[in-house]
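The structure appears below as structure tokens.
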Amino acid sequence: AQNLGGTINVKSKLDFVNLQFPQTATICLGNSLTAYGQVYEPGITNGTSNPAISSPNIVAEFGYGTSNDPGSFAWSSATFNEPGSNGNNDEYSYVFTPGAAGTYYYSFRYSFNGCDWQYANEIGVLTVNQAPAITNTYLAINKNNDPSQCGAVVTYDAALVTGSPAPTVTYSHASGTVFPVGTTTVTVTAENTCGKVIKTFDVTVTDNENPVLTAGASQNVNLDAGCSITVPDVRGSATDNCPGTVITQFPAAGAVVSASHNGTVNVTVTATDAAGNKDEAIVVLTAKDVTDPVLTAGASQNVNLDAGC
């Protein structure tokens with residue numbers, strides 16, 4: 001019989017492993033999470049003072065996934081951070097940059113001397129939020145004024161937004177309210193902790209309502225000694241849905257116009273509002289000669305009798 005001899009090496013498990021920090025975190029999409037894990041093995045992790053050299057035969061990996069089962073995680077090599085970073089523990093880190101918003105679970109695992117992986121008991125939870133977006137399109141709105149109003153009630157669609165946490169949406173001029181005549185720029189803002197997005201569009205309300213003119217009455221105007229009349233002010237008054245109406249007349253008040261007895265002069269009165277809408281009326285002036293004529297009769301005189309006397 002032959003005696004066979006040999007040595008059985010029993011590889012030890014690590015004494016302590018963990019996910020050190022953070023246990024929970026919230027970031028915005030596009031940013032990164034830096035996670036830290038620590039490991040301790042007596043006589044190993046405290047055996048070097050060179051921060052660039054990891055403890056021998058220790059491998060650390062960072063893993064993440066969308067469920068809290070480490071068996072489904074995607075694992076990558078962690079970066080050695082420093083020895084003895086927390087007492088006698090060695091520390092590893094990993095910078096994780098998610099590619100989409102959502103909830104992720106993460107942790108560290110370690111292997112010593114090629115043994116099976118030892119998983120940290122802690123599983124971190126990462127919430128990845130996303131900046132807001134306004135997904136609907138706003139086009140310019142054109143509308144005529146509401147009757148008798150210097151503006152119009154205008155409605156438009158509420159913003160359709162995405163983003164997390166749920167964005168707060170504000171409007172510089174609310175839908176369903178009165179917009180004044182002219183152009184109003186509406187600013188739609190969606191904002192959350194990850195950012196802000198703005199869309200704008202114009203609302204134009206056109207005043208297409210004519211003013212209402214009440215001109216002066218047609219009337220008689222006396223002729224002066226030169227057979228002319230002086231045109232009176234017959235502009236009257238006007239109402240409109242918007243301020244800024246101007247009343248004019250032609251011929252203007254005070255103008256001197258030649259005329260004859262019972263002859264007529266037409267005065268055109270025009271009310272024009274700020275939008276260029278108009279109302280017109282004709283006022284008829286009738287010239288009247290009210291001046292008595294001045295008679296110069298022949299002189300009183302003697303007249304001879306003829307033969308029939």
Side-chain angles (χ1 to χ4, degrees), residues 6-133 161-167 192-195 197:
T7 301
I8 298 175
N9 293 323
V10 179
K11 296 182 178 180
S12 64
K13 290 280 189 178
L14 291 164
D15 192 66
F16 169 80
V17 298
N18 81 345
L19 162 66
Q20 180 68 16
F21 178 82
Q23 302 290 319
T24 61
T26 300
I27 64 173
C28 294
L29 185 63
N31 294 334
S32 300
L33 165 76
T34 300
Y36 299 89
Q38 294 188 357
V39 55
Y40 172 68
E41 176 65 21
I44 300 296
T45 57
N46 60 345
T48 179
S49 60
N50 186 344
I53 300 175
S54 61
S55 298
N57 301 324
I58 295 178
V59 177
E61 289 188 344
F62 172 87
Y64 70 92
T66 55
S67 75
N68 64 353
D69 176 15
S72 66
F73 285 4
W75 293 95
S76 299
S77 295
T79 300
F80 179 69
N81 198 30
E82 59 179 317
S85 57
N86 185 8
N88 293 324
N89 298 349
D90 279 2
E91 185 174 81
Y92 291 80
S93 65
Y94 188 86
V95 178
F96 173 44
T97 305
T103 301
Y104 294 84
Y105 300 89
Y106 60 93
S107 193
F108 283 89
R109 68 181 183 180
Y110 306 84
S111 177
F112 180 47
N113 288 329
C115 288
D116 292 342
W117 291 106
Q118 291 176 247
Y119 291 82
N121 289 327
E122 303 85 3
I123 295 179
V125 180
L126 172 64
T127 301
V128 181
N129 288 326
Q130 189 169 14
V161 297
T162 59
S164 56
N192 65 10
T193 55
C194 288
V197 64

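Numbers here are sequence positions counted from 1.
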[X] vs [Y] side-chain heavy atoms within contact, under 4.5 Å:
X    : Y    : value
L33  : P98  : no
F112 : I44  : yes
Y92  : V39  : yes
P70  : I123 : yes
P132 : V161 : no
V197 : P167 : no

Set of residues satisfying side-chain hydrogen bond (donor to acceptor under 3.5 Å, both in side chains) with respect to [X], sequence neighbours excluded:
X    : value
S164 : N129
S67  : S72
T127 : none

Under 6.0 Å between the ring centres of [X] and [Y]?
X    : Y    : result
Y119 : W75  : yes
Y64  : Y106 : no
F96  : Y104 : yes

Nearest-0.5 Å distance that lies between atom [atom1] in [X] and atom [atom2] in [Y]:
X    : Y    : atom1 : atom2 : answer
T66  : L126 : OG1   : CG    : 12.0 Å
N192 : C28  : CG    : SG    : 7.0 Å
L19  : S107 : CG    : OG    : 5.0 Å
F80  : E91  : CZ    : CD    : 9.0 Å
I58  : S111 : CD1   : OG    : 9.5 Å

F16: side-chain contact (heavy atoms from CB on, under 4.5 Å) partners, not counting sequence neighbours:
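Expected list: N18, Y40, N89.
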side-chain contact (heavy atoms from CB on, under 4.5 Å) against L29, all qualifying residues, sequence neighbours excluded:
V128, Q130
I'd like to know if the side chain of [X] and the backbone of [Y] have a donor-acceptor N/O pair within less than 3.5 Å.
X    : Y    : value
S76  : F62  : no
Q118 : L14  : yes
N113 : C115 : no
Q20  : Y36  : no

Keeping to residues at least two apart or across chains, list the salt bridge (charged side-chain N to carboxylate O under 4.0 Å, His left out) pairs with something in residues 106-119.
E61-R109
Which heavy atom of E41 sits nearest a heavy atom of K13, and at what distance?
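In terms of heavy atoms, the two residues are closest at OE1-O, 3.2 Å.
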